[in-house]
Amino acid sequence: MPSRLKLLKSLEIDAYQLRNISENPDPNGQTDWSIIESQVSTCKACQLHKGRNNPVFGDGDMSSDWFFIGEAPGKDEDLQGKPFVGRAGRLLTEVIFSMGLSREEVFIANILKCRPPDNRDPKPGEVAKCFPYLEKQIELVKPKVIVAVGRIAAHSLLGTDLPMGQLRGKIHDFGNNNIPTLVIYHPAYLLRSPSKKRKVWEDLQLVENILDNDS
Ligand code: SF4
């Protein structure tokens, strides 16, 4: 499977580099979080900053075992500055609840921090610019499991263009630390195809087995 960097290189896209914040001496990492959130709030690295009402940094437990990642803010998220609100967000909250967790016990963010116009798919250049923020968030949270919510998020995270049918139902790995990564259907799709909810439940069981064996 091609790495994300190889995929970007094949598209002749330079990965955007965050200013180095890893030298921050704060042992709790809180200052790192403040710095990265401040960088996102003023970021103009891609054209999406022009149309945003609010960047959507992400929220939840900053030391959670679980890191959920969607593709980009939609209209409601852009207005509220929070990930996964509205109907699809409520369904994701139910999915999380079905795992015995509250939304506050996981961390949720998106590949892109600003809303693409008309909810179009993220462009590769936008992903390249924004991805370092997400990578830094993952580095700080140190999750045991990443859940890619939907096909687009999975493609950006895993550096693949495989169809959803070949992505779900198995454990992938992300990054140098090989963090176990699961791909689930996007809740907006589940709202249109409720019969697929069972598949999400089955997929999440795969990850629970990993966490059980880890504890
Ligand atoms: S989408 Fe990401 S890279 Fe683009 S302006 Fe927003 S924060 Fe910056």
Side-chain angles (χ1 to χ4, degrees), residues 3-24 29-60 62 64 67-86 88-89 92 106-141 143 146-161 174-175 179 181 183 186-188:
S3 70
R4 186 183 70 89
L5 281 174
K6 277 188 190 160
L7 191 76
L8 292 172
K9 196 170 176 190
S10 71
L11 295 167
E12 298 182 347
I13 293 167
D14 292 329
Y16 177 64
Q17 297 293 317
L18 271 186
R19 274 177 284 155
N20 185 3
I21 58 177
S22 61
E23 293 168 3
N24 193 292
Q30 290 300 317
T31 309
D32 270 0
W33 278 106
S34 304
I35 292 171
I36 190 174
E37 189 162 11
S38 169
Q39 287 179 343
V40 167
S41 70
T42 56
C43 181
K44 296 181 180 176
C46 83
Q47 60 177 346
L48 296 181
H49 78 275
K50 295 177 188 165
R52 73 181 171 217
N53 287 297
N54 295 290
V56 178
F57 181 70
D59 67 5
M62 292 184 289
S64 177
F67 199 130
F68 284 74
I69 300 173
E71 67 183 74
K75 182 181 174 194
D76 293 327
E77 287 82 10
D78 173 67
L79 289 173
Q80 296 186 38
K82 294 191 171 182
F84 282 100
V85 294
L92 181 65
V106 306
F107 196 84
I108 306 177
N110 286 306
I111 301 283
L112 293 186
K113 308 304 187 202
C114 303
R115 182 192 180 203
D118 302 319
N119 295 344
R120 65 156 169 75
D121 290 348
K123 294 181 178 176
E126 294 160 355
V127 173
K129 300 280 187 190
C130 210
F131 206 81
Y133 293 128
L134 181 65
E135 286 181 311
K136 189 66 194 175
Q137 289 176 307
I138 294 170
E139 186 186 319
L140 291 171
V141 173
I146 291 172
V147 181
V149 183
R151 176 178 56 87
I152 306 276
H155 285 177
S156 297
L157 272 176
L158 301 174
T160 181
D161 57 2
F174 172 79
I179 302 170
T181 299
V183 180
H186 196 284

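Values below: every heavy atom of this structure, side chains too, minus hydrogens, waters and symmetry copies. In this chain, residues are counted from 1 in sequence order. In each ligand, atom 1 is the first atom listed, and ligand 1 is the first ligand listed.
- Formation of a donor-acceptor pair under 3.5 Å by the Thr42 side chain with backbone atoms of Ser38 is found in this model.
- In summary, the atoms of ligand 1 found under 4.0 Å from a heavy atom of Arg52, numbered by their order in the structure, are 5 (S), 6 (Fe).
- Here Cys43 does not reach atom 6 (Fe) of ligand 1: none of its N/O/S atoms is less than 2.8 Å from the metal.
- Distance alone, capped at 3.5 Å, places no donor-acceptor pair between the Gln137 side chain and the Ala109 backbone.
- Residue Cys130 has at least one heavy-atom neighbour below 4.0 Å for each of these atoms of ligand 1: 1 (S), 2 (Fe), 3 (S), 7 (S).
- Note on Glu126 versus Lys129: no salt bridge recorded, every NZ/NE/NH1/NH2 to OD/OE distance being 4.0 Å or above.
- Electrostatic pairing of Glu37 and Lys113 does not count as a salt bridge here, judged by no charged N lying under 4.0 Å from a carboxylate O.
- Atom 4 (Fe) of ligand 1 has no N, O or S atom of His49 closer than 2.8 Å.
- Residue Gln47 does not touch ligand 1, judged by heavy-atom distances below 4.0 Å.
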Next item on the list: Please step through side-chain contact (heavy atoms from CB on, under 4.5 Å) for the pair Phe131 and Leu157, ending with a clear verdict.
Entry: CA-CA 9 Å; Phe131 206 81; Leu157 272 176; 3.9 Å; yes

